[in-house]
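Below: the structure, in structure tokens.
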There are 2 protein chains.
Amino acid sequence: MTESTRPMRRQDIRRENERAILLAAEKVFAEAGFGGATMQLIADLAGLPKANLHYYFATKEELYRSVVQNIFEIWLQAANCFDAARGPIDGISAYIDAKMEISRRHPDGSKVWASEVMHGAPVLQDYMESTLREWTDGRVAIIRRWIDEGKMDPVDPRHLLYMLWATTQHYADFGHQIETLNGGKPLSSRQWQEAKENIKRVILTGIGALPA
Amino acid sequence: MTESTRPMRRQDIRRENERAILLAAEKVFAEAGFGGATMQLIADLAGLPKANLHYYFATKEELYRSVVQNIFEIWLQAANCFDAARGPIDGISAYIDAKMEISRRHPDGSKVWASEVMHGAPVLQDYMESTLREWTDGRVAIIRRWIDEGKMDPVDPRHLLYMLWATTQHYADFGHQIETLNGGKPLSSRQWQEAKENIKRVILTGIGALPA
DNA sequence: TTGCATCCTGACCGTATGGTCAGCTTTCAG
DNA sequence: CTGAAAGCTGACCATACGGTCAGGATGCAA
């Protein structure tokens, strides 16, 4: 066995290990919550000795913070869909698609985010009071404009946003419940598609953007 | 100070202490999750020595199980609204009202329930596979009937139910986020009312039960 | 009043966990 | 080639936690 693998340059090592740790941490935090997660479990899942975790992330809190911030980035990126849109049909459709895709591809991240908010956002409070608030205010303005332009009914923009967040996020956070009610099987591609279409149809019709 | 208070009969003592413990436990489990909650914290909040908790609830798991089952009862009771209804407008309106009231009155319970499901329902798996599944199947049948009778559009009943659960539950589970975006203040009675009306209007219109 | 079951609790225990550290190996710039 | 910086890790530590228990206090039926 000559070492055909790994020259492994310093930079690569660091990047690769941090990635593995963050991935493992995301899963463990999602499954057990912050309090229930242990560094040992994360280390085992990442395939590293526990002490090595502390080399990259000094404390459990710091590791958790990194995981949560990663999710928040992804979450915010889905926002772009909204901006480019010409009206509610485009914008909200794209946003629902994007957020459902996050629920499907990053269920663990979604759960960590949900858990963080449920526990009073100890880590993200700053972000919520700055970035999230700005983002929300911006989208509220866009929706108001759409209403003024007669492109949709006068629905309270904030409650509409909450509805979008709730319905899409639900498929990740309550995925286990949905799976159980689906006969113990994860939703198929087809079922994910149906979910998206149902949500889009009900909401877009509900706000008067689509003909009833 | 003569003891005008407390003759405190045995039965009363037991009932009162169990109530206090369950209330405290609900709050602590909601705020910290199962793993993050400590018996000491619960005991302090209930105003009892820790050892006394173990007199009433042998283990942390048993206490947690009691809390979760309590919530599940409340959750299921909101179901009755559905049955008595003559059509989607009555039924879904009443269900949304009931579930929003739960989110408002029992935010801690809602969070514990959400947390339990998010972590794979280790305690409630049995219930989910029996009671919840039956309940869901029953409601799906009712919605199908409404669709057949032309009282609403042919929306997938399951996804509609998920939407109802998600939107209403969101106001409890993500209450902190909503509060932050509301300028740091809890929703007023008026705002709760608006939330309910928005949700009802969008969904009922969205499924074609109300005129657009 | 008595005896007993229930209720209560301070002190204690074993374990698991987050975190530390001394000293090793590996990479790489000069 | 060499020295220093980066990466790695087994062994260890202090603490906090869930849970136990012996024995005291209290309510109550007879």
query: Can you list every salt bridge (charged side-chain N to carboxylate O under 4.0 Å, His left out) pair that touches residues 48-77 of chain A, not counting sequence neighbours?
result: none

query: Rounded to the nearest Å, what distance is computed from the CZ atom of residue A:Phe57 to the P atom of nucleotide D:dG7?
result: 13 Å

query: Rounded to whole angstrom units, what separation is found between the CG atom of B:Asp12 and the C1' atom of C:dC8?
result: 17 Å

message: Minimum heavy-atom separation for A:Lys200 and A:Ser93, please, with both atom names.
response: CD-OG, 3.5 Å

Interatomic distance, B:Leu48 CG vs C:dG10 P [rounded to whole Å]: 11 Å

N or O in side chain of A:Arg14 less than 4.0 angstrom from D:dG7 OP1/OP2: yes

Partners meeting ring-ring contact (aromatic ring centres under 6.0 Å, His included) with A:Phe57 (sequence neighbours left out): none

Residues within residues 23-36 of chain B bordering DNA chain C, heavy-atom distance below 4.0 Å: none

- prompt: According to the salt bridge (charged side-chain N to carboxylate O under 4.0 Å, His left out) rule, which pairs have a member within residues 17-33 of chain A, sequence neighbours left out?
  reply: A:Arg14-A:Glu18, A:Glu16-A:Arg19

message: Of the listed nucleotides (D:dG10, C:dC7, C:dT9), which one gets closest to any side-chain atom of B:Tyr55?
response: C:dC7

message: For residues 158-180 of chain B, which residue pairs pass the salt bridge (charged side-chain N to carboxylate O under 4.0 Å, His left out) check, not counting sequence neighbours?
response: B:Asp137-B:Arg158

All N/O pairs under 3.5 Å across the protein-nucleotides 19-26 of chain D interface:
from, atom 1, to, atom 2, distance (Å)
D:dG19, OP2, B:Lys60, N, 2.7
D:dG19, N7, B:Lys50, NZ, 2.9
D:dG19, O6, B:Lys50, NZ, 2.8

query: To the nearest angstrom, how far is B:Asn17 atom CG from C:dT9 atom C1'?
result: 13 Å

- line: Computed from five pairs at either end and rounded to 10 degrees, the angle between the axes of the helix from C:dT1-D:dA30 to C:dG30-D:dC1 is 10°

task: Classify the angle between the aromatic ring planes of B:Tyr162 and B:Trp165 as parallel (below 30°), tilted (30 to 60°) or perpendicular (above 60°).
output: tilted

task: Name the nucleic acid region contacted by A:Ala37, choosing base, sugar-phosphate or nothing; use a 4.0 angstrom heavy-atom cut-off, strictly under.
output: sugar-phosphate

task: Please name all residues satisfying side chain to side chain donor-acceptor pair (under 3.5 Å) with A:Asn17, sequence neighbours left out, ordered by chain then number.
output: A:Tyr56

message: According to ring-ring contact (aromatic ring centres under 6.0 Å, His included), who are the partners of A:Phe72, at least two apart in sequence or on a separate chain?
response: A:Trp113, A:Tyr127

- prompt: Sequence neighbours excluded, which residues qualify as ring-ring contact (aromatic ring centres under 6.0 Å, His included) partners of B:Trp135?
  reply: B:Tyr95

field: B:Asn52 CG - C:dT6 C1' separation (whole Å)
entry: 12 Å

task: Return the set of residues passing ring-ring contact (aromatic ring centres under 6.0 Å, His included) with B:Trp146 (not counting sequence neighbours), or none when no residue passes.
output: B:Phe82

Polar contact flag, side-chain donor to acceptor under 3.5 angstrom, A:Gln40-A:Asp44: yes

- line: When rounded to whole Å, the CG to P distance for the pair B:Leu63 and D:dC17 reads 16 Å

- line: Contacts of B:Asn80 meeting side chain to side chain donor-acceptor pair (under 3.5 Å) (sequence neighbours excluded), chain-then-number -> none

- prompt: Checking all strands, does A:Tyr56 fall into the base, sugar-phosphate, or nothing category for heavy-atom contacts under 4.0 angstrom?
  reply: sugar-phosphate

message: What is the separation between atom CD on A:Gln40 and atom C1' on C:dT15, rounded to the nearest whole Å?
response: 14 Å

- request: Send over the distance from A:Glu18 CD to D:dG7 C1', rounded to a whole Å.
  value: 12 Å

query: Quick one: on DNA chain D, does A:Leu53 or B:Thr38 contact a more 5' nucleotide (nearest heavy atom)?
result: A:Leu53

